[in-house]
Amino acid sequence: MPRTPVHAPVHAPTHAPTHAHVIGAGLAGLSAALVLAGAGWRVSLLDASPAAGGRCRSYFDRTLGCRIDNGNHLLLSGNRATFGYLDAIGARDTIAMPEEPAFPFLDLASGARWVLRPNRGRLPWWILARRRRVPGTRLSDYLRLHGLRRPDPEATVAQVLAAGALFDRLLGPLAVAALNTPSDAGSAALLWAVVAETLVLGGAACCPGVPREGLSESFVDPALARLRAAGAEIQLGRRVAALGIADGRVRRLETPDGSVPVAEGEVVVLAVPAPVAADLLPGLLVPDEFQAIVNLHYRTEAPRGADRFVGLIGGSAEWVFVKRGVVSVTVSAANRLADEPAESLAARVWPEARHALGLSGPLPAWRVVKERRATFAATPAQERRRPGPRTGLRNLVLAGDWTATGLPATIEGAIRSGRAAFDCVQSSDRP
């Protein structure tokens, strides 16, 4: 894998910066807008939603009477682009992260609990220590991980990794969480891309982090403040319905409020979801199969001293997160649950969360959030449909976790795509 780009200070470009229109204020759009503004470009940021952040944001839920995150995200210290982004907006301290990597798990079927503790160095001696590794595994199980290294691009996770305790209690759940795709369909190459930048580099790249307050407080609000301080024009709630294209370039952005001209020398960064990009650019090849994520939020306080998160094995959900006044549960690769009534889901998952955290009492107030098209399906076939940042138009580039980032649809991939779009714009042969 190439070195992950970070949001380091940008040197002055070889050509005079001008105006960049960034369409989409999710993390990919925010990432692109920040590096463009930092390089001296005048930035206009537009998004159809009244709130920035896309799938990575917080909001006040009236049913629960508190702020919740739209979804749950576990960062790893090896996510260099993500922490570069946080540094650029002055928000690294908003992420709670332990000094040593530790991943608590609960097997719901047997009741067994354990904590996975990789050592910080790259030599993985932790697999020799029973108290650090997955229960029921042996050294030989971990040696089979070599089969994941640079696999056939057409191979799935289940085809490459052997069944057994290590797969059931770690690698399978890790694959589902990272790819948001079942293991029998998920791309082994994309899983390797994640593992190569985290677990392979040792525990120092695996420390887990979560926002202290919320996703918006960490990723969105500081980014918007930094953009406004740089003079960016931010227009939320303004949808770009069509692109006016002529002579091989974008000439206009058509919105319900009127047409926005795109002058000579100006560029457009299209950082919208894949289906929206395909509508705006007919003929653009994009991923067209998707996987859902279901998040369940329960209005309750976790016991004092509870872990910030717990991985669940053998249940409906994969992760339980402890937040202020809320216990939040994530179900990945959740197409199978997309049509199940919210009441049924909340009642079925609550005992799992209660068991994980040692809670008691009846079902509390809850909110179920279903993202039916949360990410593209991370299969080998869909991987082939991911475009790079360049398009056939001279002044239009793409950004988004669905573009060819080399990673599955993650925060790291989204932020990386914004920098890739910037690099494309800044290159001497820019569109």
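Below, all heavy atoms of this structure are taken into account, side chains as well, without hydrogens, waters or symmetry copies. All figures in this text were calculated on a predicted structure; none of them were measured in a lab.
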Keeping the roles fixed (side chain from [X], backbone from [Y]), state whether a donor-acceptor pair exists under 3.5 Å.
X: Tyr142; Y: Arg133; value: no
X: Asn335; Y: Ala292; value: yes
X: Lys370; Y: Val294; value: no
X: Asn180; Y: Ser332; value: no
X: Arg113; Y: Pro104; value: no
X: Thr181; Y: Leu179; value: yes
X: Thr403; Y: Gly388; value: no
X: Ser218; Y: Leu215; value: no
X: Trp402; Y: Val272; value: yes
X: Arg130; Y: Ile127; value: no

Return the minimal non-hydrogen interatomic distance between [X] and [Y], and the atom names on each side.
X: Cys207; Y: Arg120; answer: SG-NH1, 3.8 Å
X: Asp307; Y: Val322; answer: O-CG2, 3.2 Å
X: Ala20; Y: Leu36; answer: CB-CD1, 3.8 Å
X: Ala52; Y: Leu224; answer: CB-CD1, 4.0 Å
X: Gln426; Y: Ala39; answer: NE2-CB, 4.2 Å
X: Arg390; Y: Ser427; answer: NH2-OG, 3.0 Å

Do the side-chain N and O atoms of [X] and [Y] include a donor-acceptor pair separated by under 3.5 angstrom?
X: Glu371; Y: Asn70; answer: yes
X: Glu412; Y: Thr82; answer: yes
X: Ser328; Y: His297; answer: yes

Which of Ile89, Leu30, Leu86 passes side chain to side chain contact (heavy atoms under 4.5 Å, CB included) with Pro222? Answer is Ile89
Do Leu227 and Ile234 pass the side-chain contact (heavy atoms from CB on, under 4.5 Å) test, and can you show the C-alpha distance, the side-chain angles, and the key distance before you say yes or no?
-> CA-CA 8 Å; Leu227 286 170; Ile234 300 172; 4.2 Å; yes
Carefully, step by step, assess Trp126 and Arg117 under the rule side-chain contact (heavy atoms from CB on, under 4.5 Å).
-> CA-CA 7 Å; Trp126 63 273; Arg117 297 183 183 276; over 6 Å; no
Just so I know, are the side chains of [X] and [Y] near enough to count as touching, which here means a heavy-atom distance under 4.5 Å?
X: Glu352; Y: Val320; answer: no
X: Leu191; Y: Leu161; answer: yes
X: Pro380; Y: Ser187; answer: yes
X: Arg238; Y: Asp47; answer: no
X: Leu281; Y: Leu396; answer: yes
X: Arg348; Y: Glu340; answer: yes
X: Thr300; Y: Trp350; answer: yes
X: Phe105; Y: Leu170; answer: yes

[atom2] on [Y] to [atom1] on [X], rounded to 0.5 Å:
X: Leu285; Y: Arg386; atom1: CG; atom2: CZ; answer: 12.0 Å
X: Arg169; Y: Ser110; atom1: CZ; atom2: OG; answer: 5.0 Å
X: Leu296; Y: Asn72; atom1: CG; atom2: CG; answer: 9.5 Å
X: Ile23; Y: Leu280; atom1: CD1; atom2: CG; answer: 7.0 Å
X: Leu46; Y: Arg239; atom1: CG; atom2: CZ; answer: 12.5 Å
X: Asp221; Y: Ser216; atom1: CG; atom2: OG; answer: 5.0 Å

Output, in order, the C-alpha distance, side-chain angles, deciding distance and verdict of side-chain hydrogen bond (donor to acceptor under 3.5 Å, both in side chains) for Thr156 and Asp184.
-> CA-CA 6 Å; Thr156 68; Asp184 59 357; over 6 Å; no
Show your working on salt bridge (Lys or Arg N to Asp or Glu O under 4.0 Å) between Glu301 and Arg324 and close with a plain yes or no.
-> CA-CA 7 Å; Glu301 290 283 356; Arg324 184 178 299 173; over 6 Å; no
Start with the C-alpha gap between Arg57 and Asp69, add the side-chain angles, then the distance that decides, and say whether salt bridge (Lys or Arg N to Asp or Glu O under 4.0 Å) holds.
-> CA-CA 6 Å; Arg57 63 184 179 86; Asp69 290 331; over 6 Å; no
Please lay out, stage by stage, how Asp288 and Gln382 fare under the test side-chain hydrogen bond (donor to acceptor under 3.5 Å, both in side chains).
-> CA-CA 7 Å; Asp288 59 0; Gln382 290 297 295; 3.0 Å; yes
Given the rule in the side-chain hydrogen bond (donor to acceptor under 3.5 Å, both in side chains) test, do Thr63 and Arg367 qualify, once you have shown the distances and angles that lead to the verdict?
-> CA-CA 7 Å; Thr63 297; Arg367 167 70 73 187; 2.7 Å; yes
Intermediate values then yes/no, salt bridge (Lys or Arg N to Asp or Glu O under 4.0 Å), Glu217 and Arg67 = CA-CA 11 Å; Glu217 288 82 355; Arg67 274 177 72 81; 3.0 Å; yes
So, do Phe103 and Trp114 have ring centers that fall under 6.0 Å from each other?
-> no
Answer yes if the ring centres of Tyr298 and Trp366 are under 6.0 angstrom apart, and no otherwise.
-> no
Decide side-chain contact (heavy atoms from CB on, under 4.5 Å) for Asp168 and Leu166; before the verdict, give the C-alpha distance in whole Å, the side-chain angles of both, and the deciding distance to 0.1 Å.
-> CA-CA 6 Å; Asp168 294 340; Leu166 184 61; over 6 Å; no
Evaluation steps, side-chain contact (heavy atoms from CB on, under 4.5 Å), between Glu154 and Arg384 | CA-CA 10 Å; Glu154 298 303 311; Arg384 293 194 298 271; 2.7 Å; yes
